[in-house]
J.: 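Attaching a single structure in structure tokens format; questions to follow.
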Amino acid sequence: MTQPGRTPEPAAAAAPSVRVFVPRDSAARSVGADEVAERIAALDGNTAVVRTGSRGMLWLEPLVEVETAHGRVGYGPVAPEDVDGLVAAGMLDGAAVGPHLGPVEELPWMKRQQRLTFQRVGVVDPLSTADYLEHGGIAGLRAALAMTAGDVVETVVDSGLRGRGGAGFPTGIKWRTVLNADADLKFVCCNADEGDSGTYADRMLIEGDPFTLIEGMTIAAYAVGAAEGYVYLRSEYPDAVATLQAAIELARAEGWLGPDILGSGFGFDLHVRVGAGAYICGEETSMLESLEGKRGMVRAKPPIPALEGLFGRPTVVNNVLSLATVPTIVANGAAAYAAYGTGRSLGTSVFQLGGNVARGGIVETAFGITLGELVNDFGGGTSSGRPVRAVQVGGPLGAYLPVEQFDLPMDYEAFAAAGAMVGHGGIVVFDETVDMAAMARFAFEFCAAESCGKCTPCRVGAVRGVETIDRIVAGTDRTQNLVLLEDLCELMTDGSLCAMGGLTPMPVRSAVRHFGEDFHA
Amino acid sequence: MTSEVVAAAPVPVPGRAQRVREIAEELRGLRGALIPILHAVQEEFGYVDQPDVAVIADVLNLAVAEVHGVVTFYKDFRRTAAGRTTVAICQAEACRAVGAVELADHAQRTVGCGFGETTYDGRVSIEEIYCFGNCALGPTVQVAGTLHGRVTPARLDALLGDAR
Ligand SMILES: Cc1cc2nc3c(=O)[nH]c(=O)nc-3n(C[C@H](O)[C@H](O)[C@H](O)COP(=O)(O)O)c2cc1C
Ligand code: SF4
Ligand code: FES
């Protein structure tokens, strides 16, 4: 039955071919998914390869799934040269051979999650409109179009959805401001700059389920009365750019975008703009400047973008995940979403495990899960096998936390109270070999490289910060220089226009506070 | 033939100004057209030359200084041609946690140039990037546009192969 080169029996030839799923996510491709897919496709005429997004179990990539009577059975990681042997041993029948994992949906890593925003990622062909509809897509948009704009806004307010881009501002409140602004033209802008290191959920969502973002932006546009939308996508993500552009074309053909969406008479169109390698363009006003064709210099607020945004018009600016979560909220109701979470952090969040971690990947769960559960239970500790020493949460401007703080719940307020931030939900793990003075130095270096240059505390302070840490590590007037460092951090926190300069002290101070011994080398 | 040294001197492209004008005119109708135009020019010619700036400024009715300011603000826009193979090495935190700094040292030593530089024979350019969104599979390197995860020094040598 499973010999390579077997001649199919007549009945088998007429039967539907075996469907095999191989991710086309760029992380999976970075470890050989394309070669694996090619080998499988070359087997015989009976095997259909479907390219999907990634399930988010990145340590198992390339992860191959075979459709069987008992669901999709996984194998991973599969190296290209393993394919022929695995097929000969019965992989296409779901046999327990090689890196066999069993049904993917039953894996503990998947079962413990609550996937709402990521429900289709890794499951569907990202560019199949039929798959999208079959898996519940467009239900949110249909529901929204049957409501008044104001009711859609109130649904999002009631869901408790907060911006996933970092600051956690309530999405519905922002939309209400734009809805109530009077203007002939309004915009919806999606912030897909995802410049924070350790974060990749925006990329995976766009590569794995782009119609969800398109649907979310269309609902946002309907809710606030916007006619045009822009996705500002960073140039470091060429696969995401290509996938989103293709998805927009397909969505137009389906009537999900364009002058008369689903026959409702409501019109909205969407465009992709590619960034040009500037971290600061993730800051919303800087992003708007860039979209206008200018240098990405931060604007002072007020006026807020909701009132004077792109080209001076009322503009919704939201992160990819905020917008991509809206369809499920509108389809299932605000209460269903708000039932997840804790305190004022409602719903689910998409956490991203990276760095020196044994099982790196995407974990979507309700807020309130602890940092330790994510790093140890999901992440399995470090990939080097050495003890975990520090984790950085929330991107390059987030705090470094020691294992003593692993009982912190993932909750915006709890993190803020601990002098840290949840940010975009990225968690970067370091083992005991990390030099925290070097990481603090890098935080300043990064700020110096990426500052927009508008204010002195950030532009000059970051350079002075690097020099001060160098003197501390060299043992030059250590005590005075530690005082100077603290003074500099205070000045940057208080005197910077935006969070680039304002939050760079967070990784620095947390490194000094929790890992002070590294500054006494 | 492999020992032949290829000069990296930029060769003037005939008709470049005309072509840049065409690109700019084709895209000028977009909202915020300048950055899409610069991307398109760089895509076609490999870098944005100083004379291109004046042409684009003319089409968009902007001051030359304004266009120059944009070109120099963004890291993507090159002012000179890159080497035949570009190697971009992630130096952000998650990749640092698994040896990205050591990998970059190795690359600079074996290739023979630093970040932001091109080898004297024009074969390879090395760039420093902060995050490709591949943070669970670092260290991450992009070689000639293709992303590679879990890159060790030996693997990087293999990936560079003849390019180096
Ligand atoms: C330096 C800096 C970088 C930022 N980078 C991003 C980013 O890459 N993506 C993002 O969505 N928000 C980023 N933000 C936050 C945005 O300014 C803004 O708050 C967000 O896009 C609003 O969307 P949300 O309410 O859906 O989170 C950044 C902020 C700062 C200060
Ligand atoms: S803090 Fe830094 S990045 Fe932010 S506006 Fe000031 S100079 Fe620009
Ligand atoms: S930190 Fe290197 S790819 Fe994200």
Side-chain angles (χ1 to χ4, degrees), chain A residues 26-27 29-31 58-59 61 194-200 202-204 228 230 235-240 271 273-279 281 290-297 310-311 352-357 360-361 383-384 392 396 426 428-431 434 438-439 442 446 449-450 452, chain B residues 27-28 30-40 42-43 48 56 60 62 66-78 88 90-101 127-143 145-151 155:
Chain A
S26 52
R29 295 178 65 203
S30 83
V31 288
L58 293 169
W59 78 100
E61 295 292 1
E194 196 165 68
D196 284 357
S197 65
T199 63
Y200 48 88
D202 294 352
R203 180 189 63 68
M204 282 189 55
E228 259 179 64
Y230 291 87
S235 59
E236 291 85 346
Y237 288 177
D239 290 15
H271 310 275
R273 284 288 189 277
V274 179
Y279 175 78
C281 289
S290 186
L291 279 169
E292 292 179 7
K294 302 177 191 150
R295 298 162 70 108
M297 304 284 278
L310 189 61
F311 298 104
Q352 301 132 80
L353 293 168
N356 193 335
V357 63
S383 52
S384 62
Q392 187 178 30
V428 176
V429 181
F430 297 83
D431 74 9
V434 67
M439 296 315 295
F442 176 69
F446 183 73
E450 298 291 340
C452 85
Chain B
L27 298 175
R28 68 187 292 177
L30 297 177
R31 287 194 198 275
L34 178 54
I35 291 171
I37 289 170
L38 292 171
H39 272 307
Q42 176 148 312
E43 168 116 7
V48 180
I56 296 167
L60 295 184
L62 293 170
E66 210 167 330
V67 177
H68 177 83
V70 171
V71 174
T72 50
F73 182 83
Y74 294 96
K75 285 193 291 288
D76 279 5
F77 300 128
R78 308 185 59 92
C90 178
Q91 292 292 284
E93 288 87 345
C95 285
R96 281 180 178 243
V98 285
V101 174
E127 272 163 21
E128 162 179 44
I129 293 273
Y130 299 127
C131 197
F132 286 108
N134 198 37
C135 326
L137 296 174
T140 300
V141 176
Q142 191 189 49
V143 181
T146 304
L147 205 62
H148 301 275
R150 292 201 179 114
V151 179
R155 177 118 178 79

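Note on naming: letters A, B, ... go to the chains in the order of the sequence lines (proteins, then strands), and numbering restarts at 1 for each one.
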J.: I want to check a possible cation-pi pair here: B:Arg31 against A:Tyr230, using under 6.0 Å from ring centre and within 45° of the ring axis as the test.
T.: no
J.: Decide side chain to side chain contact (heavy atoms under 4.5 Å, CB included) for B:Tyr130 and A:Tyr279; before the verdict, give the C-alpha distance in whole Å, the side-chain angles of both, and the deciding distance to 0.1 Å.
T.: CA-CA 9 Å; B:Tyr130 299 127; A:Tyr279 175 78; over 6 Å; no
J.: Would you mind checking which part of A:Val274 comes under 4.5 Å of any heavy atom in chain B, side chain (CB onward), backbone (N, CA, C, O), both or neither?
T.: both
J.: Is it the backbone or the side chain of B:Gln42 that comes under 4.5 Å from a heavy atom of chain A, or both, or neither?
T.: neither
J.: So B:Leu62 and B:Val70, side chain to side chain contact (heavy atoms under 4.5 Å, CB included) or not? Walk me through it.
T.: CA-CA 11 Å; B:Leu62 293 170; B:Val70 171; over 6 Å; no
J.: Find the distance between CZ (B:Arg28) and CG (B:Leu60) and round it off to the nearest 0.5 Å.
T.: 7.0 Å
J.: Which of the residues A:Ser30, A:Gly361, A:Gly354, A:Ser26 is involved in the greatest number of heavy-atom pairs with chain B at under 4.5 angstrom?
T.: A:Ser30
J.: When heavy-atom pairs shorter than 4.5 Å are enumerated against chain A, which of B:His148, B:Arg96, B:Arg150 gives the highest number?
T.: B:Arg96
J.: Given the rule in the side chain to side chain contact (heavy atoms under 4.5 Å, CB included) test, do A:Met439 and A:Val434 qualify, once you have shown the distances and angles that lead to the verdict?
T.: CA-CA 8 Å; A:Met439 296 315 295; A:Val434 67; 3.7 Å; yes
J.: To the nearest 0.5 Å, tell me how far A:Phe430 CZ sits from A:Gln392 CD.
T.: 6.0 Å
J.: Taking side chain as everything from C-beta outward and backbone as N, CA, C, O, which of these in B:Thr140 sits under 4.5 Å from a heavy atom of chain A? Side chain, backbone, both or neither.
T.: neither
J.: Who wins among B:Leu137, B:Val98, B:Leu38, B:Leu34 for the most heavy-atom pairs under 4.5 Å with chain A?
T.: B:Leu137
J.: Is A:Leu58 in contact with chain B via its backbone, its side chain, both, or neither, using a 4.5 Å heavy-atom distance?
T.: both
J.: Between chain B and each of A:Gly277, A:Ala240, A:Pro238, A:Ala276, count heavy-atom pairs under 4.5 Å; write down the option with the most.
T.: A:Ala276
J.: May I ask you to name which of A:Cys452, A:Pro396, A:Gly360, A:Gly293 has the most heavy-atom pairs under 4.5 Å with chain B?
T.: A:Gly293
J.: With only heavy atoms counted, which part of A:Asp431 is less than 4.5 Å from chain B, the side chain, the backbone, both or neither?
T.: neither
J.: So for A:Ser384, is it side chain, backbone, both, or neither that comes closer than 4.5 Å to the heavy atoms of chain B?
T.: neither
J.: Look at the aromatic rings of B:Phe77 and B:Tyr74 and report parallel, tilted or perpendicular, splitting at 30° and 60°.
T.: perpendicular
J.: Examine whether an atom of A:Glu194 lies under 4.5 Å from a heavy atom of chain B, and if so say whether it belongs to the side chain, the backbone or both; otherwise answer neither.
T.: neither
J.: Can you tell which part of A:Arg295 gets under 4.5 Å to a heavy atom of chain B, answering side chain, backbone, both or neither?
T.: both
J.: List the residues meeting side-chain hydrogen bond (donor to acceptor under 3.5 Å, both in side chains) with B:Glu93, not counting sequence neighbours, and say none if there are none.
T.: A:Ser197
J.: Apply side-chain contact (heavy atoms from CB on, under 4.5 Å) to B:Cys135 and list each qualifying residue two or more places apart in sequence or on a separate chain.
T.: A:Tyr200, B:Ala94, B:Cys131
J.: Rounded to the nearest 0.5 Å, what separates atom CG in B:Leu30 from atom CZ in A:Arg273?
T.: 4.5 Å
J.: For A:Arg29 and A:Asp239: C-alpha separation, side-chain torsions, deciding distance, then whether side chain to side chain contact (heavy atoms under 4.5 Å, CB included) applies.
T.: CA-CA 10 Å; A:Arg29 295 178 65 203; A:Asp239 290 15; 2.5 Å; yes
J.: Of the listed residues (A:Gly275, A:Gly195, A:Ala449), which shares the most heavy-atom pairs with chain B below a 4.5 Å separation?
T.: A:Gly275
J.: I'd like to verify something: which residue of A:Cys281, A:Ser235, A:Ala438, A:Ser290 has the highest number of heavy-atom pairs under 4.5 Å with chain B?
T.: A:Ser290
J.: I'd like to know which of A:Glu236, A:Glu228, A:Glu292, A:Met297 tops the heavy-atom pair count under 4.5 Å against chain B.
T.: A:Glu228
J.: Between A:Gln352 and chain B, which part of the residue has a heavy atom less than 4.5 Å away: side chain, backbone, both or neither?
T.: neither
J.: Considering only heavy atoms, which portion of A:Met204 lies under 4.5 Å from any heavy atom of chain B: side chain, backbone, both, or neither?
T.: neither
